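Proteins come first, then strands; the chains are lettered A, B, ... in the order of their sequence lines, and each starts at number 1. All values derive from a computational prediction rather than experimental measurement.
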There are 2 protein chains.
Amino acid sequence: MNKIRPGSRDAIIEAAFQTFNARPGASLGDVAAHAGVGRATLHRHFSSRSVLMVALARTAVDELNAAIEMAVAGATSHTEGLRRALAATIPLAERQWFLAHEPVLEDPAVAAAYQADRKELHNEIDAAKAEGTFDDAVPTRWIAESYENLIYAAWALVRDGELTATQAADLAWRTLTEGLAGAK
Amino acid sequence: MNKIRPGSRDAIIEAAFQTFNARPGASLGDVAAHAGVGRATLHRHFSSRSVLMVALARTAVDELNAAIEMAVAGATSHTEGLRRALAATIPLAERQWFLAHEPVLEDPAVAAAYQADRKELHNEIDAAKAEGTFDDAVPTRWIAESYENLIYAAWALVRDGELTATQAADLAWRTLTEGLAGAK
DNA sequence: TGTTCATGATACATATATGTCTCATTTGAG
DNA sequence: CTCAAATGAGACATATATGTATCATGAACA
């Protein structure tokens, strides 16, 4: 065996996330250049553009699942689990955004994993409802959609350096559960 | 003068919004076909792809401004104005999404109009803070980002037929101001 | 009815992205 | 040091999108 640059594949995936998030229509040449790799090498790792896209999607799903699993590990309630999962997702929001808005979801395996995650979120929200965290009268789907979109909001402020990840997570959770009303 | 199809331009813009929202990398041929128009005719109205993109952006900005202006007309407070603007924006969210995520914002005029709208939103939020609607301690930028992202959430549920526009607007406003906490 | 003009279809040249291939170079293993 | 393997550079054919130009058609208008 002789692998000269075992990190090439990871470097390409990393560069692809950054490049495609900045410009979804970017060429593979742009990605390769950003990864500091020849275009031919990119094709050696990912035979076609769509193969690369699916790899990105799988990476995003796997990273999210791993991050959430680790974050939720010691949670004492479904509510606390949701809160920790929200905080853990914020740094990964850019890749989740990529996953949600790229037509990669036509890939069966990716679509299945994505739907499974959404289903799991709905289950946790229902469990949190039972714990009294959310109003039973509010549709679970709305809570889930708010949850996800507030994560994007949080990520935007963290990205722009206006808030720390912790501050953003706290604000997002407060918004979701208590809202932003004034004291008066 | 002799204009056989005065609606061509509007039809193209409409088709472009739909086509690009479904697939941002779609070709002008796709757009023309979706508009029921020849590709040559599309180029007669919009000389290049970027010209079309800027036209879409301007359309989105103008539509949003018009809708908000009309909705806010009789508002008795900044808070009520924000609430009405939120409801009025939900049906236009798809186009706002297009505007926010397409690199069209490099166009100076579009970027200026976009920034002006954001600035105006911040001003209204500050005014609503003064009315006691929002906690002064919460960054205005966070409220604005939550406001916009909850609009996307509302639009998603309306699009999927799970809520009416009114229901979605009410839920988004409640989430923003009071949160989704249960009664217990 | 005849004229005008937007239209659709089509051809065309150009540019760019893609995927394959070759080859000299470099890197790491033995 | 020697050798095998991966790499970068580049050539190459192909596909697709783009923008322009041409032309016959048909609808509106006088």
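Out of C/dA9, C/dT7, D/dA11, the shortest distance to the side chain of A/R39 is found at D/dA11. Of the candidates D/dT20, C/dT7, C/dT20, C/dT7 carries the atom nearest the B/S8 side chain, counting heavy atoms from C-beta on.
Within residues 13-29 of chain A, the residues having any heavy atom under 4.0 Å from DNA chain C are, by residue number, A/S27, A/L28.
Here C/dT7 presents its C1' atom at 16 Å from CZ of B/F46, a figure rounded to the nearest Å. Rounded to whole Å, atom P of C/dT20 lies 7 Å from atom NE2 of A/H43.
Salt bridge B/R159/B/E94: absent, no basic N to carboxylate O contact under 4.0 Å. For A/D160 and B/R141, the salt-bridge test passes: some basic side-chain N is under 4.0 Å from an acidic carboxylate O. Between B/E102 and B/R95 there is no salt bridge, since no side-chain nitrogen of the basic residue lies less than 4.0 Å from a carboxylate oxygen of the acidic one.
Side chains of B/S48 and B/S50: a donor on one and an acceptor on the other come within 3.5 Å. Side chain to side chain, A/W155 and A/T89 fail the donor-acceptor criterion of an N or O pair below 3.5 Å.
Each of A/T166, A/V158, A/L163 was checked for a side chain to side chain contact (heavy atoms under 4.5 Å, CB included) with A/I90, and the lone residue meeting it is A/V158.
Axis deviation across the helix from C/dT1-D/dA30 to C/dG30-D/dC1 amounts to 30°, comparing end segments of five pairs, rounded to 10 degrees.
Position along DNA chain C of the nearest nucleotide to B/G38 versus A/S50 favours B/G38 as the more 5'-ward residue. Toward the 5' end of DNA chain C, the nearer of the two residues A/D30 and B/L42, judged by each one's closest nucleotide, is B/L42. Map B/S48 and B/R44 each onto its nearest nucleotide of DNA chain D; the residue landing nearer the 5' end is B/S48.
Taking only side-chain nitrogens and oxygens, B/H45 comes nearer than 4.0 Å to OP1 or OP2 of C/dT7.
B/L82 CG to B/L121 CG: the interatomic distance, rounded to the nearest 0.5 Å, is 6.5 Å. Rounded to the nearest 0.5 Å, atoms CZ (A/R39) and CG (A/D30) are 11.0 Å apart.
In this structure, A/R49 reaches the sugar-phosphate backbone alone: every heavy-atom distance under 4.0 Å involves primed, P, OP1 or OP2 atoms, never a base.
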Test log, rule salt bridge (Lys or Arg N to Asp or Glu O under 4.0 Å), inputs B/E124 and B/K119: CA-CA 9 Å; B/E124 288 304 311; B/K119 177 70 178 170; over 6 Å; no

